[in-house]
There are 2 protein chains.
Amino acid sequence: MDSATYLAAAEQHCSQQGCKLTAVRRQVLELVLRHQGVVKAYQILADLQKERGLAAPPTVYRALDFLVEQGLLHRVDALNGFIVCRHFECRHEGLILVCETCGQVGEVDAGSCLAALRAASAGMGFTVNPQNLVITGQCKECTA
Amino acid sequence: MDSATYLAAAEQHCSQQGCKLTAVRRQVLELVLRHQGVVKAYQILADLQKERGLAAPPTVYRALDFLVEQGLLHRVDALNGFIVCRHFECRHEGLILVCETCGQVGEVDAGSCLAALRAASAGMGFTVNPQNLVITGQCKECTA
DNA sequence: TTTGTGATGTTATACAGTAACATTTGCGAC
DNA sequence: GTCGCAAATGTTACTGTATAACATCACAAA
Ligand SMILES: [Zn+2]
Ligand SMILES: [Zn+2]
Ligand SMILES: [Zn+2]
Ligand SMILES: [Zn+2]
């Protein structure tokens, strides 16, 4: 799926949720799409400043927060970064693998494992965040 | 296990690894132990300053890094915080549950789930960090 | 038009983490 | 003991990450 298609789908997804992919939000999403793997907020801020001259941290953080809420991005806590979600429509219960060294992103289906985890946690009165789980490690290249 | 016992065990654990639980490191560990659940670096810094007057961020971060390396603490990326590990001797493969709201910590045994996760990831040429997985969510009280 | 609501702009600041270098401490070699 | 090394700690200054608070704007319902 190329960026244009993705953005169109994203726009539709948002309006179905009763909210809007405004200009700024769309532009931030585009900027994230242009990068491979993990991107940081201040990188996006810099990109945004190149394109529109003015921009402050809150502008970027608001847009990123919105996109995460809509499921279009995932936040990668371990790296203070963000990655594009390419399955925002299908409620995927996959685990997202992020290489701590190069930022490369992979995905592995682990629905059953996750279900077991949720069940075990629920047994302790603990509700696991509905967020998609992001796991860090090393990719093949960076392990070598 | 009370703090004194824990600290003694921690000290022994370190020397078995060929390193030392020095005064500063021990003091930082004590300060983390005094809190319930997740503690932040700058909280520890403040505590430390109360006790010894002087202290700068690197002092705290060095000690925390050391303690994480030794397996005495876990870092909670989602909260920029740290929690005490009470199983540093037994190589536990549990999942650690942290309440995002109140910082309360629980633990659930999910060794088999984790093994499956590692296997699936390895299939994609991805090595999951040996770190203990820390999952965030909501505890019973905070869900209500 | 008025008024309300959500989005954005703007400024300033809080919080988190590290680089670089100086100083101290403990320990084995001599 | 004292010399010399290595690890740990102290100190200063900075970079990076994130948010509070308030002003303004855009658009739609009343
Ligand atoms: Zn996703
Ligand atoms: Zn990599
Ligand atoms: Zn542990
Ligand atoms: Zn809670």
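Reckoned from all heavy atoms, side chains included, excluding hydrogens, waters and symmetry mates. All chains are named by letter (A, B, ...) in the order of the sequence lines, taking the proteins before the strands, and each is independently numbered beginning at 1.
- Leu97(A) is not listed as a side-chain neighbour of Val105(A), based on a closest heavy-atom distance of 4.5 Å or more.
- Residues satisfying the salt bridge (charged side-chain N to carboxylate O under 4.0 Å, His left out) test with Glu11(B), not counting sequence neighbours, are Arg26(B).
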- Task: Using a 4.0 Å heavy-atom cut-off, write out nucleotides 13-30 of chain D from 5' to 3' as B (base contacted by protein), S (sugar-phosphate only) or - (no contact).
- Result: ----BBBBB---------
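- Summarising the geometry, the separation between CG on Leu45(B) and C1' on dT11(D) is reported as 13 Å, rounded to the nearest angstrom.
- In terms of heavy-atom proximity, Leu21(A) sits nearest to Phe66(A) at CD1-CE2, 4.3 Å.
- Considering only side-chain N and O atoms, Thr59(B) lies nowhere under 4.0 angstrom from the phosphate OP1 or OP2 of dT11(D).
- Residues meeting the ring-ring contact (aromatic ring centres under 6.0 Å, His included) test with Tyr6(B), sequence neighbours left out: Phe88(B).
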Which donor-acceptor pairs under 3.5 Å do side chains of residues 32-44 of chain B form with protein atoms, sequence neighbours excluded?
unit_1: Arg34(B); atom_1: NH1; unit_2: Glu51(B); atom_2: OE2; d: 2.8
unit_1: Arg34(B); atom_1: NH2; unit_2: Glu51(B); atom_2: OE2; d: 3.2
unit_1: His35(B); atom_1: NE2; unit_2: Asp47(B); atom_2: OD2; d: 2.8
unit_1: Lys40(B); atom_1: NZ; unit_2: Leu79(B); atom_2: O; d: 3.1
unit_1: Gln43(B); atom_1: NE2; unit_2: Asp47(B); atom_2: OD1; d: 2.9

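- Here side-chain hydrogen bond (donor to acceptor under 3.5 Å, both in side chains) pairs that include residues 52-73 of chain B, with residues two or more places apart or in two chains, are Gln27(B)-Arg52(B).
- Not counting sequence neighbours, the partners of Gln12(B) by the side-chain contact (heavy atoms from CB on, under 4.5 Å) test are Gln16(B).
- With a cutoff of under 4.0 Å to any heavy atom of chain A, the contacted region of DNA chain C is bounded 5' to 3' by dA7(C) to dT11(C).
- Distance CZ (Phe66(B)) to C1' (dA8(D)): 11 Å, rounded to an integer number of Å.
- The side-chain contact (heavy atoms from CB on, under 4.5 Å) test applied to Thr101(B) returns Cys99(B), Gln138(B), Cys142(B), not counting sequence neighbours.
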